[in-house]
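Since the structure comes first, as structure tokens, the remarks are kept for the end.
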Amino acid sequence: MRIKAILSATTFASVALAAAAAPAQAAVGPVTPSFAVDHATSAVRGHATAFAAGAGDTFASRGVLVETDGTSHVHLNRSYLGLPVIGGDVIAHLNTTGALRDVTRSQAAPLTLATTPKLSAAKANRAAAAALKGTPNGAATLAVDAIPGTPVLVWRTKVDTAQGQFHALIDAASGAVVDRWAEEQTIGGTGTGFNVGAVALDTTQSGSAYQLKDPERGGTYTVDMNNRRFGKGTLFTDPDNTWGTGALSNRQTVAVDAQFGVAETWDYYLETFGRRGIAGDGKGSYNRVHYGTGYNNASWSDSCFCMTYGDGDGSTYGPFASLDVAGHEMTHGVTSRTAGLVYSGESGGLNESMSDIFGTLVEFYSNNAQDPGDYLIGENIALSHQPLRYMDDPSKDTRSAKCWSSTVKNLDVHYSSGVGNHAFFLLAVGSGTHTVNGVTYTSPTCNNGTVSGIGNAAAGAIFYKALTTYMTSNTDYAAARTATLNAARDLYGTGSAQYSATAAAWSAVSVG
């Protein structure tokens, strides 16, 4: 069982009285990330119970969000006796003076387990390779998996398989597989040829030629993999800065789709939330197009900090580069740099759902004449224009869950994502029948209730704040409801229509 322990402001107040820290001093001038981190780490010492912190724990900052009003939220990674703790991350919420006002955590209690493995690293690698039917990639490393009900000492391994690279956690005592997840977080393996039409591109001049490299967006660039699956690829260059022809016979055409999709996603996050790039540090990623032969997939990889797009098989699917796919894949990167949602179980479904949600919002933001915004996922990938997923009623694909149940955690993450996608659609658009940009949607509710939508902007703001401020690596759907309600409270107040609609949307998908 995966345990959640979300401390509300009311619960935390009693903890604070029992273990008060030294009075906080207001920042001199605007609150800075370093000020927030200093006060967050001090808060751990003063409020150990709230953080489920034990004597063997240390904490290091993973990221900081400073609000315009000076309040801040500090993500902290936990280590136990020098070992990283999977699912042990916490978020410290601070007021304008740096005083702790709330804590979000998944770990239920301080860790007390021994850290001496009975199984060697070599045996752990062999156990992982045997279980996943692949070959070990690199040395196994020790960690603590705090996601199960009882924390477990594990070996972290990587295994190369015919389906791609996987991470596996191996019980350091028994050799059993505790968890596994794919390195590449994919959109699901189907797509169609997509052309965004005539668009503007920011490029880089190099001598007498031009590179498909964007100096305005962190140096993001696109390479041609030349139908190989290995190697670095070749940076696209052009003599006259006019890229592609709209025909798939020109290799630059798909590169334009990919580069434009990244630019639109970058601009959406920057203009909507002030986020500069995937990691929020202004650094760009890169695209790999023409990957393999007949490759029906698109993916994000943390290892290369890049997106990969296949050309499709040419009979059922075309190239995978499209606006909502680009937004989807880049959002996997945003999630990995914020909540870090583990890519399995309900947290994996939420990971995929967040990518579907913000991929959709990127499509609406771009307002591209050849791809108007819609609530259909990957509708321009299959040559038949059959969507991969439907947000208004996820069960239309016959595989995705539209309502939560205790079995949702057992589904493939692309199908368990339906619960989050449905909740978002109900929050943004509402239940019943609606027509948006010429597409008619009919969204049922699982409780026979009615939900009134609050629009994409407000719904997106609530989900983004929840993702970046209140979700941790092991957030499940119940905790996602709490996280979005906390976000709606912060943004609009508990008495607002937005707060009520958020609660109603989750209830309508049987969460809560």
Side-chain angles (χ1 to χ4, degrees), residues 65 67-69 268-269 271-275 324 327-328 331 334 339 350 353-367 372-377 389-394 402-404 417-471 475 477-512:
L65 173 64
E67 308 275 13
T68 55
D69 64 359
Y268 166 77
Y269 275 109
E271 294 182 18
T272 309
F273 305 117
R275 187 178 191 87
D324 58 355
H328 176 108
T331 299
V334 173
L350 268 171
S353 178
M354 288 297 170
S355 284
D356 281 352
I357 288 166
F358 289 103
T360 293
L361 293 177
V362 166
E363 193 176 71
F364 274 98
Y365 165 84
S366 182
N367 196 28
D374 54 52
Y375 300 94
L376 309 171
I377 308 302
R389 292 183 286 281
Y390 303 81
M391 301 188 81
D392 62 322
D393 182 358
K402 67 180 178 182
C403 307
W404 182 88
S417 64
V419 177
N421 288 352
H422 193 192
F424 176 82
F425 181 90
L426 291 168
L427 181 60
V429 183
S431 57
T433 301
H434 302 269
T435 300
V436 182
N437 287 343
V439 180
T440 299
Y441 306 92
T442 300
S443 190
T445 58
C446 307
N447 61 355
N448 296 317
T450 300
V451 182
S452 297
I454 61 175
N456 282 349
I462 289 169
F463 270 73
Y464 178 80
K465 187 171 183 65
L467 174 67
T468 58
T469 306
Y470 289 110
M471 291 186 184
T475 295
Y477 278 118
R481 175 188 171 106
T482 301
T484 52
L485 285 172
N486 286 343
R489 174 201 64 198
D490 292 352
L491 292 169
Y492 305 108
T494 55
S496 66
Q498 293 88 342
Y499 185 92
S500 297
T502 301
W506 283 115
S507 295
V509 297
S510 301
V511 176

Main-chain N/O of [Y] paired to [X] side chain as donor or acceptor, under 3.5 Å:
X	Y	answer
Ser510	Cys403	no
Thr272	Tyr269	no
Arg481	Ala503	yes
His434	Val439	no
Thr435	Thr440	no
Thr445	Asn448	yes
His422	Lys402	yes
Ser507	Gly512	no
Ser496	Gly493	yes
Asp324	Ile377	no

How far apart are the C-alpha atoms of Val451 and Leu427, what are their side-chain angles, what is the distance that settles it, and do they pass the side-chain contact (heavy atoms from CB on, under 4.5 Å) test?
-> CA-CA 7 Å; Val451 182; Leu427 181 60; 5.9 Å; no
Using the benzene-type ring in the case of Trp, are the ring centres of Tyr268 and Phe273 under 6.0 Å apart?
-> yes
Throw together a table of side-chain donor-acceptor distances under 3.5 angstrom for residues 360-367, partners on residues two or more places apart or in other chains.
residue, atom, partner, partner atom, Å
Thr360, OG1, Asp356, O, 2.9
Glu363, OE1, Asp374, N, 3.1
Tyr365, OH, Glu271, OE1, 3.0
Tyr365, OH, Glu271, OE2, 3.1
Ser366, OG, Glu264, OE1, 2.8

side-chain contact (heavy atoms from CB on, under 4.5 Å) between Tyr390 and Phe425, intermediate numbers included | CA-CA 10 Å; Tyr390 303 81; Phe425 181 90; over 6 Å; no
Are side-chain N/O atoms of Asp393 and Ser443 paired as donor and acceptor at under 3.5 Å?
-> no
Show the nearest heavy-atom pair for residues [X] and [Y], with the distance to one decimal.
X	Y	answer
Tyr492	Ala461	OH-CB, 4.0 Å
Ala483	Tyr470	CB-CB, 3.7 Å
Ala508	Leu426	CB-CD1, 3.7 Å
Val419	Tyr477	CB-CZ, 3.6 Å

In the structure I gave you, are the side-chain heavy atoms of [X] and [Y] within less than 4.5 Å of one another anywhere?
X	Y	result
Lys465	Asp490	yes
Thr469	Tyr464	no
Asp392	Val429	no
Tyr375	Tyr441	yes

Hey, mind stepping through Ile454 and Ile462 against side-chain contact (heavy atoms from CB on, under 4.5 Å) and telling me if it holds?
-> CA-CA 11 Å; Ile454 61 175; Ile462 289 169; 3.9 Å; yes
Mind checking the [atom1]-[atom2] spacing from [X] to [Y]? Nearest 0.5 Å is all I need.
X	Y	atom1	atom2	value
Leu467	Met354	CG	CE	5.0 Å
Arg489	Thr502	CZ	OG1	12.0 Å
Leu350	Ser355	CG	OG	11.0 Å

Between Phe424 and Phe463, how do the two ring planes meet: parallel, tilted or perpendicular, split at 30° and 60°?
-> perpendicular
Show the numbers, then the answer: is there a side-chain contact (heavy atoms from CB on, under 4.5 Å) between Trp404 and Val509?
-> CA-CA 6 Å; Trp404 182 88; Val509 297; 5.7 Å; no
